[in-house]
Amino acid sequence: MKRSTRKLIIPGTIVALVFALVVLAPVLPLQDVRGMDIPNRFSGPSAAHWLGQDGFGRDVMSRLIWGGRASLFIAVGSALLAAIAGTMLGLLGGYFRGVVELFTVRAVEIILCLPPLLLALLVVAILGAGTWPLILALTILYTPNYTRVVYAATQQVRSLDFVTAQQAMGTHPMKILLRTILPNVLPPLLVQMSLVVASAMVIESGLSFLGLGVVPPTPSWGLMIREARGAMELAPLLLVWPSLALAGTILTFNLLCDRLQSALDPRAITAGGALWLRPRGPKKPLTPLPAPQDAPLLQITDLSIAARDLELVRRVTLSVRPGETMALVGESGSGKTLTGLAMTGLLPDTLRLTGGSALYTRRDGTRIDLATLDEEAMRQLRGDEISMVFQDAAASLNPVLRIGDQVAEAITAHTTLSGEALSARVVALLRQVGIPDPERRLRAYPHELSGGQRQRAMIAVAIAGNPRLLIADEPTTALDPTIQAQILALFAQLRRDTPGMGMIFVTHDLAVVAEIADRVTVMYAGEIVEEGPVAEVFTRPRHPYTAALIASVPESGATRLTAIPGAVPLPHAMPTGCRFAPRCAHATERCRERAPQAASPAPNRITRCLRWEEVT
Amino acid sequence: MTTKMNRRGFLATTGAAAGTLSFLGTKGAFAQDGGTLRFGLSAYPPSFDIWTSSGTAAGTIKMMCHRGLVGYDKDGVMQGELAESWEVSEAGDWTFHLRDALWHDGTPVTAEDVAWTVLEAQKPDSAAYLQGQLASITSVETPDAKTVIMKTAEPQAVLPGWFASYNMCIAKKGSERDSLMGAGPFKLASVDRGVSISVVANPDYYKEGMPKVAGIDAIVYADENLRVAALEAGDVDVVEYVPWQAMAQIDDNAELQLDTTFGPFMYLTFNATKAPFDNPLVRRAIGHAIKREDIAAAAFYERGAPLEHLPIADASEFYNADLANEWSYDPEKAKALLAEAGYPDGFDCTMLSTAQYGMHQSTAEVCQAYLSMIGVNVTLDLPEWSTRVKKGNEGAYDIAVMGTAADNNDPDGLANVVDGALPLSYVRSYGLETPEISALFAKGRASFDTEERKAIYKELEQIAIDTAPIMGLCWREQGYGLAGNVSGFSNMPGQLTFYSGFTLEAAMLG
Amino acid sequence: MLRYIAFRSLVALFLVWIVVTIVFLLLHLIPGDPAELLLSGGNVAADPQAVAAMREKMGLNAPLWQQYLDHMAGVLSGDLGVSFRDGAPVIEQIALRLPRTLEVIIAAALIATGIGVPLGTYAAIRTDGKADAVISLFASAALSTPVFVVGSVVILIFAQQLRWLPAGGFVAFTEDPAEHLKLLLLPAGTVALSLLAVITRMSRASVLEVLQRDYVRTARAKGLPVRAVLRRHVVRNALIPVLTVLGLEMGTLIGGTVLVEFVFNWPGLSGYLVSAVDARDYPEVVGIVMTISVLFVLLNLVVDVVNAALDPRISLGR
């Protein structure tokens with residue numbers, strides 16, 4: 001059972017219990033709700049009267065149960081009736097649109113403009129107080145809620161393929177509505193229903209409290225509260241029971257509704273929050289080490305990343321030298337993006353580093369292990385030393401802040417620049433990344449820029465702090481080819497302008513690699529399978545996977561694309577031997593049994609293949 | 001109880017002591033430095049109409065701004081107000097001698113104003129509370145500006161009592177009926193409709209040294225629980241209509257005073273225009289079916305007493321001990337009476353009460369429970385008060401719960417509740433003719449002899465017991481809650497409790 | 001933008017017109033004759049002749065369509081008529097009552113937003129932690145407890161026991177500002193409580209959603225301090241849906257505060273509406289309903305405009 005479904009059990013059980021209790025009220029051995037025992041009025045709980053007696057000596061427990069019956073009957077009854085009416089109107093309006101929509105959905109929305117109280121008052125004035133007028137009033141009141149929900153859902157479902165197909169086949173609209181669309185709009189309807197029941201109970205109790213609802217001596221919770229309020233100082237418990245019953249039941253319904261919503265809608269956020277916001281333990285002391293003279297900018301050794309017990313990245317080792325561009329290549333799911341995120345401490349909350357080290361050489365020449373840093377230490381590095389360009393600039397820029405402010409923020413995070421100097425720097429940055437008319441564009445919001453310009457702005461944000469290591473996570477993937485080329489040119493320009501900056505360029509596109517990188521690291525299923533200088537790797541790949549990747553690049557003159565058969569294995573179903581073996585044309589029994597170690601076919605080169613000597 | 005005062009009250013009424021009670025005003029410090037009294041009203045007056053009965057809250061406001069020819073002192077003894085003295089002639093003509101009083105606008109109160117008031121209020125369509133009684137006044141003469149002579153067809157011993165009613169205030173000739181411009185101790189200062197009414201002391205008030213406070217803010221607290229809370233929180237100095245469940249709590253509070261009196265009573269009215277309540281046997285059966293102690297306990301938190309006869313207090317000289325328990329709780333007798341009336345298995349009916357006042361609803365609930373035991377299945381109808389009044393006036397019910405006080409402590413004050421000759425009203429049974437009772441009331445009014453009147457009212461009560469034009473349920477205490485520093489204000493005794501607004505002129509703070 | 005607002009206002013006016021028409025017709029459908037109710041205020045059944053005269057005076061003897069047209073003509077010229085009860089101009093009474101109701105609602109909205117947004121944000125930050133559980137439970141409980149229970153309890157505590165605040169009532173601000181604010185506190189606080197629950201839940205959900213957004217990661221990648229990320233990127237963006245909900249909730253509160261007004265003796269618009277319906281005071285009922293629905297649609301429009309101001313992606317031009 002899913003966690004979200006499991007969470008339904010408790011409120012579901014309570015609701016079921018409450019329902020069972022009120023439905024069974026007539027057969028339960030309860031005392032007469034009207035039976036007065038005035039000499040014993042306001043008696044406390046006793047063996048005969050578990051919850052005591054009220055101002056007329058009537059048994060509070062049986063009144064509570066029967067009261068719940070009245071309250072729930074009204075609430076559930078009106079919720080159901082409103083659901084029926086609202087669903088019909090919503091279905092019709094959403095399916096037929098046009099005039100039908102006007103007379104169903106729009107007409108019903110008028111009710112929303114009427115004060116609910118007035119509606120109840122008018123209905124009670126016309127029909128007199130009582131259970132049925134109350135149900136009618138609440139039904140009218142809640143119909144628009146359902147209509148809106150069903151209308152929205154119907155519109156969504158209506159445009160789906162299987163509905164259009166049925167329309168094309170000439171199925172009667174009513175049949176489509178009932179057979180196809182109704183089942184599809186049921187989940188939001190269900191959620192709406194528990195919401196309405198809770199809300200109807202609140203209103204019912206309020207009206208009964210005002211004397212506009214249920215007529216005594218029929219008990220209802222609102223009525224019991226009304227009666228008990230006068231004697232609040234005499235017998236406070238009498239106020240407590242119905243209040244508890246009412247609030248408790250509504251609470252349970254609200255809870256049920258919340259959980260129903262998350263169970264029915266998997267997209268809804270179930271857990272998460274953000275671990276980075278929570279202080280975790282005492283601050284770890286930083287232990288910078290002196291770096292050797294020719295230490296690389298970043299030296300990752302045996303780095304592993306896992307989600308719970310699933311290892312997603314395993315023993316990755318790579319290094320980046322100042323001024324060097326390292327391309328990290330692989331299919332989606334290979335762990336390349338995770339490796340990049342780990343270097344900035346921006347891994348999703350569900351993931352953590354499980355081993356290895358990542359030694360980073362700072363401006364002052366000391367080295368620190370990124371794998372041991374806490375959030376605050378990591379934050380100080382971010383933007384200043386290590387920066388990141390994300391894949392989807394449209395989502396990665398804050399939609400409600402101006403571009404200029406977002407760039408400025410990246411500057412002020414690490415400097416004390418302000419005022420004129422700050423805006424000058426922002427303009428300079430925007431100009432550097434090739435945004436035309438930067439003085440004016442800095443006032444633009446992200447949605448006002450083109451895709452390419454957004455990516456340029458994103459790069460401006462990343463380089464604002466003059467980072468020494470820039471991690472670019474598929475920065476061109478979401479763009480169309482001409483823009484891609486421009487952005488790549490911008491990166492190339494950046495390399496020329498800032499010769500000391502190292503860069504990790506995460507991509508799945510080998511063509512890009514050839515254009516921009518000095519070295520290339522190929523990842524497959526969380527492991528590095530090959531590493532080496534770009535030119536060498538491309539001319540002579542020493543791993544079957546790399547070879548297959550290169551073969552799959554559409555080259556001019558190639559007649560057809562050689563796709564790699566099969567798919568990347570899932571983390572929980574990793575092969576025991578070589579992880580590429582199931583898809584490898586050269587795999588042997590030995591490959592499937594034994595995980596290959598990294599081998600070095602040449603200086604500066606690494607491959608993780610048992611048979612590299614034979615097959616490449 | 002309080003009806004000890006009743007006799008004195010009656011003596012004053014009959015004129016034996018009339019005019020001799022000159023007003024003893026103490027020449028005190030001029031009043032208007034006494035601060036502002038905050039009075040918690042139970043409802044916003046639906047109308048300020050001087051002659052119609054619009055409830056206690058309206059009465060209280062009217063008693064701040066208006067005065068009648070006569071009134072009552074704090075012990076319930078009738079005293080002169082706009083009339084300094086009054087006497088009755090052998091022929092039964094009443095002469096009132098007016099004092100020098102001024103209207104709020106500074107003009108003097110004249111005999112002409114009084115005559116105009118009487119003539120207006122006795123018009124058939126005046127909707128005046130006392131229209132029926134006033135109609136018996138055949139002429140009003142004003143020999144001079146300070147003398148009014150009223151002549152009646154029959155001698156009316158109780159006539160001055162009518163002019164003590166807060167629904168019979170004297171208005172300046174030609175003024176609007178709902179004007180609060182009167183000759184009373186306070187002048188209207190401001191009105192926030194539905195919220196509050198503020199009055200300030202009238203410096204020209206005819207009683208020297210009164211009123212004692214500079215003004216009164218009458219603030220509406222429709223919710224009885226909040227009214228008590230406001231008193232406890234110190235938001236108001238006086239509240240009317242203390243809910244019964246809160247009486248003990250106010251009594252126990254050292255910082256507050258509780259002033260209660262027995263007087264008002266609860267009873268049932270019937271719709272006699274249709275079966276089954278057109279049958280006196282059925283009406284009596286209802287009376288024998290209900291255990292009154294339970295109403296006193298459940299609706300009035302033990303601050304009530306059974307009422308099993310006409311509402312004449314046991315301290316009154318008109319009290320008939322031998323009739324006191326004629327409507328006592330006796331379910332067997334109730335069933336027998338029902339069977340005799342042709343309803344051995346009972347019947348279904350609706351009972352009108354109101355959800356607005358807790359004790360009306362509780363009384364109805366207890367009655368409902370007891371009536372079900374003799375096979376009478378009652379459906380409650382509990383609209384808000386104004387609808388309940390309307391339904392009562394229209395007879396849109398079978399049986400109704402009612403609570404009120406008589407007009408005064410004289411048995412004639414019961415006429416308004418029992419006399420079927422009066423116009424249709426929610427305070428009386430609907431369409432119930434009581435020719436014998438009406439005649440006896442008239443006879444009682446015409447007699448100036450106490451012993452003779454005793455006999456008349458005994459006969460009347462006996463007839464009432466047999467025909468049950470109303471059904472007594474219980475007496476109730478009626479209470480005012482006061483802050484510790486309030487003095488001078490008092491709850492007037494017995495049936496006069498709703499006249500307590502008269503004593504606001506003497507109320508002091510501090 | 002202006003064109004959009006003008007268009008929306010037209011639609012709103014149309015809606016109000018329909019609502020007023022419906023209410024006008026419904027009122028004449030409900031039993032109870034205003035003239036008779038007015039005249040039987042005393043203890044006696046109203047005199048049929050007097051009732052007929054009063055009906056004539058009230059204009060109730062004309063055909064319904066004519067009454068309707070007369071009334072609408074009055075409304076168009078800014079005249080909402082006079083009360084059946086005492087001849088007071090309806091517009092004056094509304095002008096007196098409306099600010100009091102708005103005051104409670106606005107005070108409640110301020111309290112609810114001031115507390116609810118930080119509370120919801122904190123709960124979101126501590127998702128599934130103890131604080132989150134406590135806050136979420138509090139919000140659900142606040143949402144589930146009827147205002148009349150809350151009202152009774154706070155009066156008992158703050159007025160009767162502690163005597164810190166008056167139990168209820170109203171004093172004009174111009175008369176005694178301090179007392180006015182003291183009196184406002186309990187009703188506003190009570191309304192705020194349920195509003196607070198809504199705002200807290202909404203803030204929590206909204207912050208949780210925003211926290212998953214890529215731009216928050218970008219903000220972190222800049223090396224911004226946690227508080228700056230929260231303030232500038234998380235809360236600011238999360239506020240937009242919260243404010244929308246707040247606006248809609250406030251809309252339903254206009255005319256929906258009757259229980260609070262009853263419990264605290266606050267003379268606002270809702271209580272006025274109830275008494276007007278009780279008395280079948282048609283001009284008052286129609287006037288109040290019109291006021292409430294105008295405010296309701298106006299508020300919806302304001303919500304849209306504010307949304308557009310806060311979120312530059314939304315353009316009102318369609």
Side-chain angles (χ1 to χ4, degrees), chain A residues 110 112-118 121-122 125-126 198 202 205-206 209-210 222 225 229 232 239 243 246-248 250-251 254-255 269 271-274 276-278 344 346 379-384 387-388 390 392 395-401 409-410 413-414 445 447-448 458 461-462 464-465, chain C residues 15-16 18-19 22-23 26 29-32 124-128 140-141 143-149 152 156 208-209 211-215 217-226 228 230 232-233 236-237 252 254-256 258-259 262 270 273-274 277 289 292-293 296-297 310-313:
Chain A
I110 291 170
L112 292 173
C113 298
L114 275 171
L117 165 79
L118 177 80
L121 269 179
L122 290 180
I126 294 172
V202 175
S205 66
F209 176 78
L210 285 176
I225 292 172
R229 201 167 76 105
M232 190 156 67
L239 185 63
S243 300
L246 183 62
I250 298 169
L251 183 72
N254 280 333
L255 216 60
I269 301 127
W276 53 274
L277 287 166
R278 306 184 189 185
T344 48
L346 294 175
R379 182 189 72 74
Q380 286 173 6
L381 287 182
R382 286 198 291 253
D384 185 26
S387 210
M388 195 148 179
F390 295 100
D392 183 0
S396 298
L397 290 171
N398 191 335
V400 307
L401 288 182
E409 206 179 44
H414 300 287
Y445 289 100
H447 74 277
E448 293 166 342
M458 182 80 242
V461 166
Chain C
L15 261 180
V16 171
I18 292 182
V19 166
I22 291 177
V23 170
L26 269 182
L29 207 98
I30 62 178
I125 292 172
R126 298 287 142 108
T127 330
D128 295 338
S140 296
L143 204 61
S144 312
T145 315
V147 289
F148 49 89
V149 174
S152 306
L156 183 69
L208 269 183
E209 205 204 306
L211 278 176
Q212 312 299 317
R213 293 292 175 83
D214 286 351
Y215 55 77
R217 193 178 60 186
T218 309
R220 292 178 62 205
K222 292 175 187 173
L224 288 176
V226 171
L230 274 182
R232 284 177 63 90
H233 295 275
R236 198 194 142 154
N237 288 62
T252 43
I254 302 170
V258 64
L259 283 166
F262 174 79
S270 295
L273 178 59
V274 175
V277 172
V289 168
I292 291 174
S293 38
F296 182 81
V297 290
L310 285 178
D311 188 343
R313 281 169 301 179

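Here the structure is a predicted model, which means the values were calculated and not measured. Letters go in sequence order (proteins before strands), and every chain restarts at 1.
In terms of non-hydrogen atom pairs under 4.5 Å with chain C, the most contact-rich of A/D384, A/L239, A/L251 is A/L251. When C/S140, C/A219, C/A228 are compared by the number of non-hydrogen pairs under 4.5 Å with chain A, C/S140 comes out ahead. Counting heavy-atom pairs closer than 4.5 Å to chain A, the top-ranked of the candidates C/L143, C/V147, C/L259, C/V23 is C/L259.
For A/S396, the side-chain contact (heavy atoms from CB on, under 4.5 Å) partners two or more places apart in sequence, or in a different chain, are A/F390, A/M458, C/D214, C/T218. Judged as a side-chain hydrogen bond (donor to acceptor under 3.5 Å, both in side chains), and not counting sequence neighbours, the contacts of A/R382 are A/E375.
Residue contact with chain A, scored on non-hydrogen atoms closer than 4.5 Å, involves the side chain of C/I22 exclusively. Both the backbone and the side chain of C/R232 have a heavy atom closer than 4.5 Å to some heavy atom of chain A. Looking at A/A198, there are no atoms closer than 4.5 Å to chain C (heavy atoms on both sides), in backbone or side chain. Looking at A/L122, both its backbone and its side chain come within 4.5 Å of chain C, counting heavy atoms on both sides. Both the backbone and the side chain of A/N398 come within less than 4.5 Å of a heavy atom of chain C. Residue A/I225 touches chain C through its side chain alone, counting heavy-atom pairs closer than 4.5 Å.
Contact record, C/H233 with C/L224: NE2-CD1, 3.9 Å, taken as the closest heavy-atom pair.
Residues C/V258 and C/V274 are in side-chain contact: their nearest non-hydrogen atoms beyond the backbone lie under 4.5 Å apart.
Once rounded to the nearest 0.5 Å, the distance linking OG of C/S293 with CD1 of A/I110 reads 11.0 Å.
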C/R220 and A/T344: CA distance, side-chain angles, deciding distance, side chain to side chain contact (heavy atoms under 4.5 Å, CB included) verdict: CA-CA 9 Å; C/R220 292 178 62 205; A/T344 48; over 6 Å; no

